[in-house]
Amino acid sequence: MRDISKALKSFFRLLAGSARDLMPIVLVVVFFQVVVLQQPFPNLEKTIVGLVFVLLGLALFIQGLEMGLFPLGESMADAFARKGSLSALLAFGFCLGFGTTVAEPALIAVAGEAADIAGKGGVIADSGEAKESYAFQLRMTVALSVGLALVVGVFRILKGWPLHYLIIGGYMIVVALTFFAPDEIVGIAYDSGGVTTSTITVPLVTALGVGMASTIRGRNPMTDGFGLIALASLTPIIFVLIFGMVV
Amino acid sequence: MDAANQGLFDHTIATFIGTMADIAPIIAILFGFQFLVIRKRPPNPGKIAGGFVYVLTGLTLFLVGLEEALFPLGEAMAKQLTAPEFIYGVWGGYGGEFASHWYDYFWVYVFAAAIGFSTTVAEPALIAVALKAEKISGGSINAFGLRMAVAFGVAVGVALGSFRIVTGTPLPYYIIAGYVVVIVQTVRASKMIVPLAYDSGGVTTSTVTVPVVAALGLGLASTIPGRSPLIDGFGLIAFASLFPIMSVMAYAGAASWIRERRRKLGGENDVS
């Protein structure tokens, strides 16, 4: 009985936290609808039901994060570090990056739009088949680049390289490629860095990096543990720019 | 069950299946490596499985709620605020001429900043990273403060990105200038904050932010004469993932400056 009431209490605390996190959106939407656009709310009932769903969903997600995703990421990082097999760890990094990105809905949407642009711009034939293969190749390119980013990022944590050398070097490559890449691809390339990191991948990858840096002697979780997400958002820009130059 | 409830029910089931499909490859990879390579049971497997069920259910409800309540409203607002009728209405128009100055889009920038800020505060991936950072830093990084800093960066980024679409200036100029600022800040910032700042750029643009911000970009680019939604509609996400890097490093700098000042002031008080 005590356990149940304790669990309920902690869930209510989570709900209150989620309500606080959602408050700004509600305020912004109400302000613009009522004050700026001066329109009534369409479907008020539906909106309120939706908000209750969002509230419950966010609280459950954060509860699950602490129970499942974080501990698993950490225990796997720990087990890999103890096992001491570099190739297994790098393979895991690649699979995690590639596997989580290739089916990412945001990426599928962006790849489809990119194919439309390429079709209209005359880069590829303006047919369904050509567009489909273009979108598929683009998705594979991005997924490969995220896999590669995690391999490089995991290797960096093992070696203790400072992250900013890699990132600043990456920025220079992006700038140089921007001059040679066709104009139509530049916007898509820059955006593709942001869309690859999903809500489930981020906690898992963060726990992996931080877990590794905490286990390996001489590494600091703050300076060495973070950075995997940063690399995974940078490499797609580079690879999509190259993709635009090659295709 | 009436029609509306039936619709909601169907939507929830469809989203649940969609979320399952999204996390299936992740589960497969985790299981594969756990059983084939690590070959050791993780501590508390039951609790971890329960956690995954929570994550799956939570994400499903979250997405259904967003799609039922927030995305239609956000997208409708983005469309209305960028529609010629709205801009005429507010600014009186130019005898039927379409608004032609960048400042005619005042409410668009305000909306861009407000929606960028508020969607980022609700972003679950950012909450996760902020919780982790607070724990690891032993509390010297405050999770709430970090999220506010990131949200502020996204707000500035999306507003500036909207300005870019309105004026039609080339995207690379802004991004390259942003890179230069980031590099200068990196040299000056404390080594502790740099990796976290870089990471916060990537985590901000996720489930909540991307659909609303993309709708804003598309709306703007299709209303303003001379812009193509296919080409100029892109770029807002890039702004939203670059500016938090700057704001987080600035936040860390400001926080340590205030701490230092307080320590000094405290020291003086002790002397007197």
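Because the structure is a prediction, the values reported are computed rather than measured.
- Interface remark: A/Gln39 contributes side-chain atoms only to the contact with chain B (heavy atom separation under 4.5 Å).
- Residue contact with chain B, scored on non-hydrogen atoms closer than 4.5 Å, involves the side chain of A/Val174 exclusively.
- Interface check for chain A: of the options B/Ile183, B/Ile115, B/Val212, B/Val210, the most heavy-atom pairs under 4.5 Å are formed by B/Ile183.
- Looking at A/Thr47, both its backbone and its side chain come within 4.5 Å of chain B, counting heavy atoms on both sides.
- Chain A forms more heavy-atom pairs under 4.5 Å with one residue of B/Pro124, B/Pro25, B/Ser200, B/Ala21 than with any other, namely B/Pro124.
- Taking chain A as the reference chain and counting heavy-atom pairs below 4.5 Å, the highest number among B/Ala125, B/Pro72, B/Gly201 is found for B/Ala125.
- Both the backbone and the side chain of B/Leu196 have a heavy atom closer than 4.5 Å to some heavy atom of chain A.
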Where do B/Val182 and A/Tyr171 land on the side chain to side chain contact (heavy atoms under 4.5 Å, CB included) test, with the steps shown first?
-> CA-CA 10 Å; B/Val182 169; A/Tyr171 282 172; 3.9 Å; yes
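- Residue contact with chain B, scored on non-hydrogen atoms closer than 4.5 Å, is absent for A/Gln38.
- With values rounded to the nearest 0.5 angstrom, B/Asn44 atom CG is found 10.0 Å from A/Ser75 atom OG.
- Of the atoms belonging to A/Thr178, it is side-chain heavy atoms, and not backbone ones, that fall under 4.5 Å from chain B.
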Report the C-alpha separation of B/Val37 and A/Lys83 in whole Å, then their side-chain angles, then the decisive distance to 0.1 Å, and conclude whether the side chain to side chain contact (heavy atoms under 4.5 Å, CB included) test is met.
-> CA-CA 9 Å; B/Val37 182; A/Lys83 212 170 163 53; 4.0 Å; yes
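- For the pair B/Lys47 (side chain) and A/Pro71 (backbone), a donor-acceptor distance under 3.5 Å is absent.
- Of the two parts of A/Ile62, only the side chain, counted from C-beta on, holds a non-hydrogen atom closer than 4.5 Å to a non-hydrogen atom of chain B.
- Within the 4.5 Å cutoff, side-chain heavy atoms of A/Tyr190 are placed close to those of B/Pro172.
- B/Thr15 OG1 to A/Phe53 CZ: the interatomic distance, rounded to the nearest 0.5 Å, is 9.5 Å.
- In terms of heavy-atom proximity, B/Ile29 sits nearest to A/Gly99 at CD1-CA, 3.9 Å.
- For the pair A/His164/B/Tyr198, a side-chain contact is recorded, criterion being any heavy-atom separation below 4.5 Å from C-beta on.
- Between A/Leu96 and B/Phe33, the closest side-chain pair of non-hydrogen atoms is not below 4.5 Å.
- Under the 4.5 Å side-chain criterion, counting only non-hydrogen atoms from C-beta, A/Phe61 is not in contact with B/Ile127.
- Using a 4.5 Å cut-off on side-chain heavy atoms (C-beta onward), B/Lys135 and A/Phe70 make no contact.
- Using a 30° and 60° split on the angle between ring planes, B/Trp107 and A/Phe31 fall in the tilted class, from 30° to 60°.
- Neither the backbone nor the side chain of B/Phe239 comes within contact range of chain A, judged by heavy atoms closer than 4.5 Å.
- Between A/Val36 and B/Met77, the closest side-chain pair of non-hydrogen atoms is not below 4.5 Å.
- For A/Val49, the part lying near chain B is the side chain, with the backbone staying farther off; criterion is any non-hydrogen pair under 4.5 Å.
- With a 4.5 Å cut-off on non-hydrogen atoms, B/Thr119 touches chain A through its backbone and its side chain both.
- Both the backbone and the side chain of A/Ala91 have a heavy atom closer than 4.5 Å to some heavy atom of chain B.
- Side-chain contact between B/Gln34 and A/Leu72: present, with at least one pair of heavy atoms (C-beta onward) separated by less than 4.5 Å.
- Contact detail for A/Leu228 and B/Asp199: the closest heavy-atom pair is N-OD1, 3.8 Å.
- B/Pro43 touches chain A through its side chain: at least one heavy atom from C-beta onward sits under 4.5 Å away, while N, CA, C and O do not.
- The CE atom of A/Met222 sits 8.0 Å away from the OG atom of B/Ser190 when rounded to the nearest 0.5 Å.
- Of the listed residues B/Ser241, B/Gly18, B/Ala114, B/Ala197, the one with more heavy-atom pairs under 4.5 angstrom with chain A than any other is B/Ala114.
- The shortest non-hydrogen separation linking B/Ala238 to A/Asp191 is N-OD1, 2.8 Å.
- Top candidate by heavy-atom pairs under 4.5 Å with chain A, chosen from B/Leu131, B/Val194, B/Ile23, B/Leu30, is B/Leu30.
- Neither the backbone nor the side chain of A/Asp183 comes within less than 4.5 Å of any heavy atom of chain B.
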With a 3.5 Å cut-off and sequence neighbours excluded, list the donor-acceptor pairs that the side chains of residues 49-71 of chain B form with protein atoms.
{"unit_1": "B/Thr57", "atom_1": "OG1", "unit_2": "B/Val53", "atom_2": "O", "d": "2.6"}
{"unit_1": "B/Thr60", "atom_1": "OG1", "unit_2": "B/Leu56", "atom_2": "O", "d": "2.7"}
{"unit_1": "B/Glu67", "atom_1": "OE1", "unit_2": "B/His11", "atom_2": "NE2", "d": "2.7"}
{"unit_1": "B/Glu68", "atom_1": "OE2", "unit_2": "B/His11", "atom_2": "ND1", "d": "2.7"}

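- For B/Ala214, no part lies near chain A; criterion is any non-hydrogen pair under 4.5 Å.
- Contact record, B/Ala128 with A/Pro203: CB-CG, 3.9 Å, taken as the closest heavy-atom pair.
- At a 4.5 Å heavy-atom cutoff, B/Ile193 makes no contact with chain A through either its backbone or its side chain.
- The two residues A/Thr223 and B/Lys191 come nearest to each other via the heavy atoms CG2-O, 3.4 Å.
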Any chance you could lay out the side chain to side chain contact (heavy atoms under 4.5 Å, CB included) test for B/Val110 and A/Phe32, step after step, and finish with the verdict?
-> CA-CA 10 Å; B/Val110 176; A/Phe32 273 88; 3.8 Å; yes
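- By the 4.5 Å heavy-atom criterion applied to side chains, A/Thr206 and B/Val203 are not counted as neighbours.
- For A/Ile185, no part lies near chain B; criterion is any non-hydrogen pair under 4.5 Å.
- If you take CD1 on B/Ile245 and CD1 on A/Ile167, they are separated by 7.5 Å, rounding to the nearest 0.5 Å.
- In this structure a side-chain-to-backbone donor-acceptor pair under 3.5 Å is missing from A/Asp21 to B/Ala122.
- Looking only at heavy-atom pairs under 4.5 Å with chain A, the residue among B/Leu126, B/Thr204, B/Ile176 that has the most is B/Ile176.
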